[in-house]
Amino acid sequence: MQIDSARELKARLSARLSEGFPLATASGLGGRLWTRPAIGLTPVGPGRAHLAIRVAAQDDARVLLTGLDDAVRAEVDVRVTGPILPFSSPPPSDLQRRTRPLRPGLSVAHPAVSAGTLGGFVRLGGRLAILSNNHVLAGGDAGAVGDAVLQPGPADGGVAADRVATLSGFQRFSDGPNRVDAAVAVLDEGVDAEPGLVPGGPLAATVADGEEVEPDEEVEKVGRTTGHTRGRVTAVEVDGVAVQYDDGVHVFDDQIEIEGLSGAFSEGGDSGSVIWRSADRVPLALLFAGSSEGGSGGAGLTFANPLSTVLATLGVEWVAS
């Protein structure tokens, strides 16, 4: 269907879910409840899109399609993702070691967190700062401004002596739909950084507006666990992404969905990675969660906040080099 028609169908179905429509089912996932399906757009040709629906379990998909006529079903791309989780852990490699100067892709974390990824650098009040996720730098709302940030993260051997920055701001999670999982930490005195040390060279100085991100675009990222990977955008404007954090499920709207071109695009510990467009190296998004299932190759899906929304929310400026 035409993209505008797909957006209308998405809005209609989202409204029905919000009103308690039977499609908003709950599935048992390790003792936690799946709150609702995630809904976005996936490309099928120039100016055309299908409705992208992501559910946690096959039973949810069957219930979700009940009552939809065949014409509508033909325009729907349903994938079973399993639980969607924030990424923050696994084993050591070059990116998981103590490294100075700091650069994108390294292991970082709050002292109470295992490990995530240093996504990139921004300026906050004229000072250079690390950009990553709330659940990486602020412990998912458990931290406080002024807390230390370590490189590497504790899961990779980071200790108090590995402090590199001070938590300076983060967007708290809300009960309603969230837009970002993001935090910023100003570098401590004497800590050097090389923002442009990214595979292939520095990223572009201008960040894409969220509405400029198109389905099917090829993208890349460098993260603490899987390193430098390539993928493609499989859906945009995805609402209702239910992510299972330690304190419960938080739902996100207007997200970007990505799958790897060969294998997984990301895994646990890659949270906080900045994702850029391969064609022009323009930064697009901040990786924050993913699933182990649902990708066309069976390797799972990655979810990311539009980077322009992250920067506006935190009140920071992107630093490319």
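From a predicted model like this one, the values you see are computed outputs, not experimental measurements.
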Judged by atom type as modelled, is there a donor-acceptor pair below 3.5 Å linking the side chain of [X] to the main-chain atoms of [Y]?
X	Y	value
Arg281	Pro202	yes
Thr81	Gly294	no
Ser271	Phe288	yes
Ser114	Ala155	no
Trp318	Ser308	no
Ser168	Thr166	yes
Asn133	His135	no

Take a 6.0 Å sphere around CD of Glu212 and say whether it holds more than 12 heavy atoms from other residues, nucleotides or ligands.
yes
Got a sec: does the CZ of Arg123 have more than 12 other heavy atoms crowding it under 6.0 Å?
yes
How are the rings of Tyr245 and Phe173 set relative to one another: parallel (under 30°), tilted (30 to 60°) or perpendicular (over 60°)?
tilted
Do [X] and [Y] have side chains that approach each other closer than 4.5 Å (heavy atoms only, starting at C-beta)?
X	Y	answer
Met1	His50	no
Glu220	Glu218	no
Val310	Val207	no
Gln255	Thr309	no
Val243	Phe252	yes
Leu301	Glu259	yes
Thr226	Lys221	yes
Leu187	Arg127	no

Pairwise distance [atom1]([X]) to [atom2]([Y]) - rounded to 0.5 angstrom:
X	Y	atom1	atom2	value
Ile39	Lys10	CD1	NZ	8.0 Å
Arg103	Asp192	CZ	CG	14.5 Å
Arg98	Ser107	CZ	OG	12.5 Å
Asp270	Leu287	CG	CG	6.5 Å
Ser266	Phe303	OG	CZ	10.0 Å
Gln244	Ser291	CD	OG	11.0 Å

Should [X] and [Y] be counted in the same cluster of Ile, Leu, Val, Met, Phe, Trp and Tyr side chains packed under 4.5 Å apart?
X	Y	answer
Leu118	Leu150	no
Val191	Val316	yes
Leu51	Val80	yes
Leu128	Ile130	yes
Val76	Val44	no

Determine, for Arg54 against Asp77, whether the closest basic-nitrogen to carboxylate-oxygen distance falls under 4.0 angstrom.
yes
Tell me whether Asp156 is salt-bridged to Arg97, with the criterion being a basic N under 4.0 Å from an acidic carboxylate O.
no
Stepwise side chain to side chain contact (heavy atoms under 4.5 Å, CB included) test for Glu214 and Val233:
CA-CA 7 Å; Glu214 296 290 339; Val233 175; over 6 Å; no
Determine, step by step, whether Leu314 and Val122 satisfy the side chain to side chain contact (heavy atoms under 4.5 Å, CB included) criterion, reporting the C-alpha distance in whole Å, the side-chain angles of both residues, the deciding distance to 0.1 Å, and the verdict.
CA-CA 10 Å; Leu314 294 176; Val122 295; over 6 Å; no
Can Glu317 and Leu311 be said to form a side chain to side chain contact (heavy atoms under 4.5 Å, CB included), step by step?
CA-CA 6 Å; Glu317 298 175 0; Leu311 301 183; over 6 Å; no
Given Asp162 and Gln151, is the side chain to side chain contact (heavy atoms under 4.5 Å, CB included) satisfied, shown in steps?
CA-CA 6 Å; Asp162 295 312; Gln151 194 293 308; 5.8 Å; no
Regarding Asp181 and Asn305, is there a side-chain donor-to-acceptor distance under 3.5 Å anywhere?
no
Using the side chain to side chain contact (heavy atoms under 4.5 Å, CB included) definition, which of the options Asp280, Val319, Val274, Val282 pairs with Leu203?
Val274
